[in-house]
Amino acid sequence: MTAEPKGDDGTRRDFIYIATGAFATVGAGIATWPFIDQMNPAADVLALASLEVDISGIQPGHALTVKWRGKPVFIRHRTPEEISQARAVNVADLRDPMRDEDRVQQDKWLIVVGICTHLGCIPLGVKETDPKGDFDGYFCPCHGSHYDSSARVRKGPAPRNLEVPAYEFLTPTLVKIG
Amino acid sequence: MRRLVLALAVLVPGLSFAAGEADAPKNIEWTFSGPFGTFDLPAARRGLQVYLDVCSTCHSLRYVAYRNLTEIGLTEDQAKAIAASHEVRDGPDETGAYFMRPAGLAEKFVPPFANEQAARFANGGAYPPDLSLMYKARPNGANYVYSLLTGYGEPPADVELAPGMNYNPYFPGHQTAMPQPLLDDIVQYADGTPATLDNMARDVVQFLAWAAEPNLPTRHRMGFGVLIYLIILGGLLFAVKKQVWRDQH
Amino acid sequence: MSGEPQHIDDLHHELKLRGVLGWIEYRLPVFNWINNAVGTNYPTPKNLNYFWNFGALAGIALVIQILTGIVLAAHYVPTVDGAFASVERIMRDVNYGWLFRYVHANGASLFFAIVYVHLFRNLYYGSYKYPRELLWWLGLIILLLMIITAFMGYVLPWGQMSYWGATVITNLFGAIPLIGDNLVLWLWGGYSVGEALLRGFYSLHYLLAFVIAGLAIVHIWALHQHRSNNPLGIDIKGPQDVLPFHPYYTTKDLFGLGIYLIIFAALVFYMPNALGEPDNYIPADPLQTPAHIVPEWYLLPFYAILRAIPDKLGGVMALAAALLVLFAVPWLDTSKVRSARFRPIYRQLFWILVADVFLLGYIGGSPAEGIYIPIGQLATAYYFAHFLILLPIVGKLESPKPLPDSIATAVLEENKRKRARKLPQVGVQPTSAGGHH
């Protein structure tokens, strides 16, 4: 702006400039919100976010992969051996310490998102013929992460255990994921 | 621009009667018109009931999802129950077969007919249009729908109806393949509102206006704030401009 | 600076930058580039009125279109089966999707409104005359691209008006001798308006927005070569005639923008469909033409000219000529005086032309029947007569009023007059809301 000697007039003028600038900046800031929010999941995407799965057909020792939010979810019907194996571990020794009891709602059902926490590959171990890794759970072939029968990381580069999604048992054989 | 009268003669899917302009629709005060307008939610819920009991036997609502019904005040369970009373095709299952299952909240309203051909076949060649956007797809949409629903009557002596047609002066050409859909007490309102033709027509309009423009209340509210802000900003910018130009005057 | 600048080229408000900005400026002189374009180093006539706001407004309108368009493109599906539903998904499910779509649709309308005011401002003040002919041409090319872009954008929602608008307009090209049929085939990429056309239009609609943005920069470049015209239409004679663009015209443009945004918001939030056709909320149906096909309001005058000629090729040629004749205006206007302020007869003709264009718009929106046909033909004839006959003749015959010596003296006299008018009655600072100086 043009340089003029300051006085009462100058103060008043500066006040108008600053107030206008601040007011406009706040408005411009608020106006960016729709541009950001439109990148959030749309209402129809959110509506598809839950999935009901009938688990009556999964035999003990077997697992099933279902697609939820575009990602695989592993539902494993654990045997008593697998359960006791998972509970025998000293939690304090784990990289991502979690008790098996806190990772399941019903002891025999282990439900986790089948995405390796390292870089997003899908671990093996659902199919009978798959390698299950050194700890009898899941094994990620990309970079060699081993998960145990509670899907906790035990070996390899993965930083965290496989994620447990929100789910609830609607009936003993019907589970709602999400 | 809206060509209010002329465009009334526009598009009558499936029908091609000699041009005849529709009468200007009746003028009703709607709760959702005007800058502070919003939907009458109890009326919209009653309108939903009329739609489900009457309109939905022929007219689809394909852009509205069952989950949306919570926006007009239904509980999730109520919306789920309405969804579950319709079936959608799903699949393939693990054997590769397609199967029918009850619709869920995420599904759009299940249309009454599988496709346009089926709809025409069931309706004597006429195609009942989808209602999701009816409020916006006709000029003066709210008044048009209301007038159409309440406008049936005996044809004047000089009007000869084509076979299967019904007289309605608010429809372009003054005759429509749709028989009068609403009659007094054709539905029973749970909230005790008398199910008169007039009440039902108003309720259906509330429901269809919401179906076509569900964001209208948000838009009106947000617009008020935005305008207040912009008017203040405009005043400030004027003051700045005046200040800068002072030495030039 | 030593002494008063004698010549306008003596005015220098170059930015001297230090620190990080100086480091950048030394390598890429972007700050002075901006300063020369819209800053303190762009000397601007001191007497510009509010009609000179519309160029800057058009630029902002374009930016709004591009920003909202990028968002919409991220959610839109350019297929015959998916387009309409994807637009409804944007309106219902995408967060603030309705806001983006309503801003984009109404923004297009307002963009045209701004550009039309801008164009008629030039016609009134003779801004197209020597040495600004190319500046004028660039503006016309931008308008032409805007028309194409807007038309393609209107097709994208794939409603009834989209579909039939696309059908009618692409069929126009069939009128062109020899290559017409091939052109139509290429536009369609098939036997009718369909998938290939929709995708092609989507691709070009996106591209053309940026072509327009590029041309707008060239347009401003050309503007700066000989600087803005002004309401008096006389050249800048010296430093006393000008003001630095910043802060004088930046603040004035910002105030104009504030007013524009108020109108924009009122439209978007309270009557978002007022400028659109209800028919476009009906999905495209290739077996059913709407009874009354009309383009958006901003194309109605051209549509009236197209329909005025009862012959396919003739109509298309008239439509093209209506735009092309504007390119010749700098030479058709034989008067040496730019501003209509000093041209009593041309000023009348200008307003008759404005009325004629409004009449054409009205005819374009009315059905092509009865009395509308001859009125449309007369209005079309007058449109061409204005440019091809009246403009050259009036320039020769008219005796213009005397021009002021300079912008500075005219502004001084104006201020004196204003003060004399206001002081006796009010006795306070003589300023008014509408005009200035």
Between C:Phe269 and B:His220 (judged by ring centroids, cut-off 6.0 Å), do the two rings come close enough to count as a pair?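 Distance test on ring centres: not under 6.0 Å, no.
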
Nearest-0.5 Å distance, [atom1] of residue [X] to [atom2] of residue [Y]:
X	Y	atom1	atom2	value
B:Leu233	C:Phe255	CG	CZ	10.5 Å
C:Leu287	B:Tyr127	CG	OH	12.0 Å
C:Thr251	B:Lys242	OG1	NZ	13.0 Å
C:Asn280	B:Lys136	CG	NZ	11.5 Å
C:Phe84	B:Arg62	CZ	CZ	10.5 Å

So for [X], is it side chain, backbone, both, or neither that comes closer than 4.5 Å to the heavy atoms of chain B?
X	answer
C:Asp93	side chain
C:Ile259	neither
C:Tyr96	side chain

More than 12 heavy atoms of other groups within 6.0 Å of [X] [atom1]:
X	atom1	answer
C:Tyr270	OH	yes
B:Tyr167	OH	yes
B:Glu76	CD	no

Parallel, tilted or perpendicular: which fits the ring planes of B:Trp245 and C:Tyr248, with parallel below 30° and perpendicular above 60°?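 Ring orientation of B:Trp245 relative to C:Tyr248: perpendicular.
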
Please flag which part of [X] lies under 4.5 Å from any non-hydrogen atom of chain C: side chain, backbone, both or neither.
X	result
B:Pro214	side chain
B:Leu227	side chain
B:Tyr229	neither

Nearest heavy-atom pair of B:Gln248 and C:Asn415: which atoms, and what distance?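 The answer is O-ND2, 3.4 Å.
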
Contact summary for B:Ala211 and C:Arg92, nearest pair of heavy atoms: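 Nearest pair, atom of B:Ala211 first, then C:Arg92: O-NH1, 2.6 Å.
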
Show your working on side chain to side chain contact (heavy atoms under 4.5 Å, CB included) between B:Tyr63 and C:Met91 and close with a plain yes or no. CA-CA 10 Å; B:Tyr63 299 110; C:Met91 291 296 287; over 6 Å; no

